[in-house]
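Scroll down for the structure; my scribbles are underneath it.
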Protein chains: 2
Amino acid sequence: MKRNLTLKDIARELDVSISTVSKALKDSEEISAETRKKVQAFANLYNYRPNNIALSLKNRRTHSIGVVIPDIVHHFFTTVFWGIEQYANERGYNVIVCVSDESFNREVINMETLANGSIDGFIMALSAETQLKQEFKHLHEIVAQGIPLVLFDRITDKVVCDKVINNDRGAAYMAVKRLIDAGRKKIGLVTTERFLNVSEEREEGYYQALRDHGLPVREELVLRLPYRYDEETLSAAYIAAADLDAVLCVNEIFAVRCMRLAQERGLRIPGDIAFIGFTDGLLSRLSNPALSVVAQHGEQMGAIAARMLIDKLEDPQGPGTDDYRTEVVRASLIERDSTPN
Amino acid sequence: MKRNLTLKDIARELDVSISTVSKALKDSEEISAETRKKVQAFANLYNYRPNNIALSLKNRRTHSIGVVIPDIVHHFFTTVFWGIEQYANERGYNVIVCVSDESFNREVINMETLANGSIDGFIMALSAETQLKQEFKHLHEIVAQGIPLVLFDRITDKVVCDKVINNDRGAAYMAVKRLIDAGRKKIGLVTTERFLNVSEEREEGYYQALRDHGLPVREELVLRLPYRYDEETLSAAYIAAADLDAVLCVNEIFAVRCMRLAQERGLRIPGDIAFIGFTDGLLSRLSNPALSVVAQHGEQMGAIAARMLIDKLEDPQGPGTDDYRTEVVRASLIERDSTPN
DNA sequence: GGCAGTTACGAAAACGGTTTCGTGTTAATA
DNA sequence: TATTAACACGAAACCGTTTTCGTAACTGCC
């Protein structure tokens, strides 16, 4: 590995001191115009670039933010990440990603390795296992260390920090209301296990909408699938048995799978049965019929999370102040061809 | 920001020197058993963790690798990234991602900021604009600086470094041959602009397969769409005019869109017209009919790229040796419901 | 008791920067 | 001409580690 040009090299070459070089490069008044010229010319010629690591050590700021997400292949997290990366980049920050793969242990290990100086702050969504275990010691430690933390989407009340979420409950309510307004009466919900806070919120919104409109809340209308769902049998039985006229699904994958099963049973969409999913991904746009969805605006969520974090990092009071905020991004309903009218 | 415990703190507290603490913590024989115990106990109690930045500065190794990709929302790149991240993590490396967003400038800027000590090596796929301009000075500089570089998928002959690619030409050939073997005679190709090396390779494979089997190569069978394709009109005309009985698409998005247009024209898939796409994503699995695809094994490509890079970084000879290799990942054809039989 | 050889530790340099402070030289002033 | 201020620069500390080397103190030996 060829060594990079350092201040020391320039100093030696130009027969001045390191401090002089350093000051000359930042155009300090303290250095004569002549010397400044000379140093700058030399540095320019040999393409001097200060060493980031040395700067980080000196300034105790890395200008990197750590992003810990459960899954990178999932469309929603990908879009959030994209929002984070874009915004962070604009403000001169790099992004180090760690994927917990829904595992508590990986989440803990990843955070520990990053927390020792590698990053200035964290943006993260909890892994499924963490939400299941309700074990947040690692996060409390981060906060106690004074490292700013922004939680998004998969959050918890148990940790005091900044947060960015969707109005999941309200969005689910809105979606179900939309179906009720279209005259649907037997509305199903396909969701994941309840320990994921977002699924829980959506489920509550679903119940609320039914109750508010005088529809019975019946357990058999709700299908609970494992988070990583890979077989059709269960939902086939559900679609067959429940005799539904509309379904809300907590993600687009569930929705597209269910639509397909419904079609195989000869049901017409949206005529016989309507569908609304969460997540506005490619799948929704390209499914047949195109799926109406609750768009979560992941990119915007990512940008907001990054803004909150960086603002706190660059707060002249120091990131020590503990006024924590929770920003809510309002999801919107995108109507395509799986809903009537 | 609460300061972290340092060696100096421990030294002061225990009334020994910094060097003693450092050595005691690595269980050096040089330090008496008693002192070691004492120091380790203290460090343990107060949860001492060495500062990564200081270590990086000292060792001139960051244990971070920079990943520069054109797009993170695109399924293929996401899976490659996932492969990189998993593998790198296993070997104790962190991953810093920069998304060039298909822009030459962002690619250059991203690499420059990372190259000044922030990372030990790069893994990247060229942006579309870079491939169009055929401008590789930034990469040559990286290589000249002695920073190991692994290019994947979107590569170029103009830069000498390690590479990981698919056998795109062979894979396209195989796919077209599969269609020919099934008796198809008017086989179309839906591709992107030709400056992307992968599209070019696939196009060549397509031509080769036609020629080898005595089928005419006709320009009107080839539809060339902009890389970020967002309208249906063009391909609708194409599907309508060309009277095809099979189509190879260079990605799953094109394929699913075209299938839908064919279906709207009343064509049955795969009876009247067969489809094969590239990229084994959700879309292919969940489309109707499920799309037969050339699977690129992105995760594997990512792992291989990371392995090549880290092996080079940890090569005791130093990463200086310039034996560059190109590994080819063999794509495989996954048959689903859009191909006959 | 004088010597060499351990043992157990500390001082200091190094990684590559920034920044405070001190100082020698020159020019301006009394 | 002596004093002082401005100027232009360098020395050194610091960020938090590792590592080499030096050295006191102690041991054992003759």
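Every chain is numbered from 1 and lettered A, B, ... according to where its sequence line falls, protein lines coming before strand lines.
Taking the charged nitrogens against the carboxylate oxygens, Lys312(A) and Asp315(A) have no contact shorter than 4.0 Å, which rules out a salt bridge. Using a 4.0 Å cut-off between charged nitrogen and carboxylate oxygen, Lys8(B) and Glu13(B) do not count as a salt-bridge pair. Glu85(B) has no carboxylate O lying under 4.0 Å from a charged side-chain N of Arg91(B), or vice versa, which leaves the two without a salt bridge. Between Glu327(B) and Arg307(B) there is a salt bridge, with a side-chain nitrogen of the basic residue lying less than 4.0 Å from a carboxylate oxygen of the acidic one.
Remark: Thr20(A) is not in phosphate contact with dA8(D), judged by side-chain N or O atoms under 4.0 Å from OP1 or OP2. Applying the 4.0 Å criterion to OP1 and OP2 of dG16(D), one finds that Tyr48(B) has every side-chain N and O outside that range. Taking 4.0 angstrom as the limit, Lys8(B) places none of its side-chain polar atoms (N or O) nearer than this to OP1 or OP2 of dC14(D). For Arg61(A) and dC15(D), the shortest distance from a side-chain N or O to OP1 or OP2 is not below 4.0 Å. Close to dC15(D), at under 4.0 Å from its OP1 or OP2, lies no side-chain N or O of Thr6(B).
Regarding Leu57(B), its CG atom lies at a distance of 17 Å from the P atom of dC14(D), rounded to whole Å. Nucleotide dC14(D) holds its C1' atom 14 Å from the CG atom of Leu55(A), rounded to whole Å. With rounding to whole Å, Arg60(B) atom CZ is found 16 Å from dT18(D) atom P. Going from atom CG of Asn52(B) over to atom P of dC15(D) covers 18 Å, rounded to whole Å. Straight-line distance from the NZ atom of Lys37(A) to the C1' atom of dA8(D): 16 Å, rounded to whole Å. For the pair Lys23(B) NZ and dT18(D) P, the interatomic distance rounds to 11 Å; values are reported in whole Å. Separating the CD atom of Glu30(B) from the C1' atom of dT18(D) is a distance of 12 Å, rounded to the nearest angstrom. The CD1 atom of Ile31(B) sits 13 Å away from the C1' atom of dT18(D) (whole-angstrom rounding).
Counting any heavy atom pair closer than 4.0 Å across all strands shown, Ile10(A) reaches no nucleic acid atom. Among the protein residues, Ser19(A) comes within range of the nucleic acid bases, having at least one heavy atom under 4.0 Å from a base atom. Residue Ser22(B) is in base contact, counting any heavy-atom pair closer than 4.0 Å across all strands shown. Using a 4.0 Å heavy-atom cutoff across all strands shown, Ser56(B) reaches no nucleic acid atom at all.
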Return a table of donor-acceptor pairs under 3.5 angstrom between the side chains of residues 112-119 of chain A and protein atoms on other chains or two or more places apart.
unit_1    : atom_1 : unit_2    : atom_2 : d
Thr113(A) : OG1    : Asn110(A) : O      : 3.0
Ser118(A) : OG     : Asn52(B)  : ND2    : 2.8

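Two residues, Ile18(B) and Asn59(B), neighbour DNA chain C, and the one matched to the more 5' nucleotide by heavy-atom proximity is Ile18(B).
Remark: the Lys26(B) side chain and the dT17(D) base include no donor-acceptor N/O pair separated by less than 3.5 Å. Counting distance only, with no hydrogens placed and no angle test, the side-chain atoms of Lys58(B) and the base atoms of dT18(D) include a donor-acceptor pair under 3.5 Å.
Where DNA chain C meets chain B (any atom under 4.0 Å from a heavy atom), the bounding nucleotides read 5' to 3' are dA8(C) to dG16(C).
The closest side-chain heavy-atom distance from Val97(A) to Val68(A) is not below 4.5 Å.
Judged by a 6.0 Å distance limit and a 45° cone about the ring axis, Lys133(B) is positioned over the six-membered ring of Phe104(B).
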| message | Between Phe81(A) and Phe77(A), does the ring pair (Phe, Tyr, Trp, His ring centres under 6.0 Å) criterion hold? Intermediate values first, please. | response | CA-CA 6 Å; Phe81(A) 175 75; Phe77(A) 289 119; over 10 Å; no
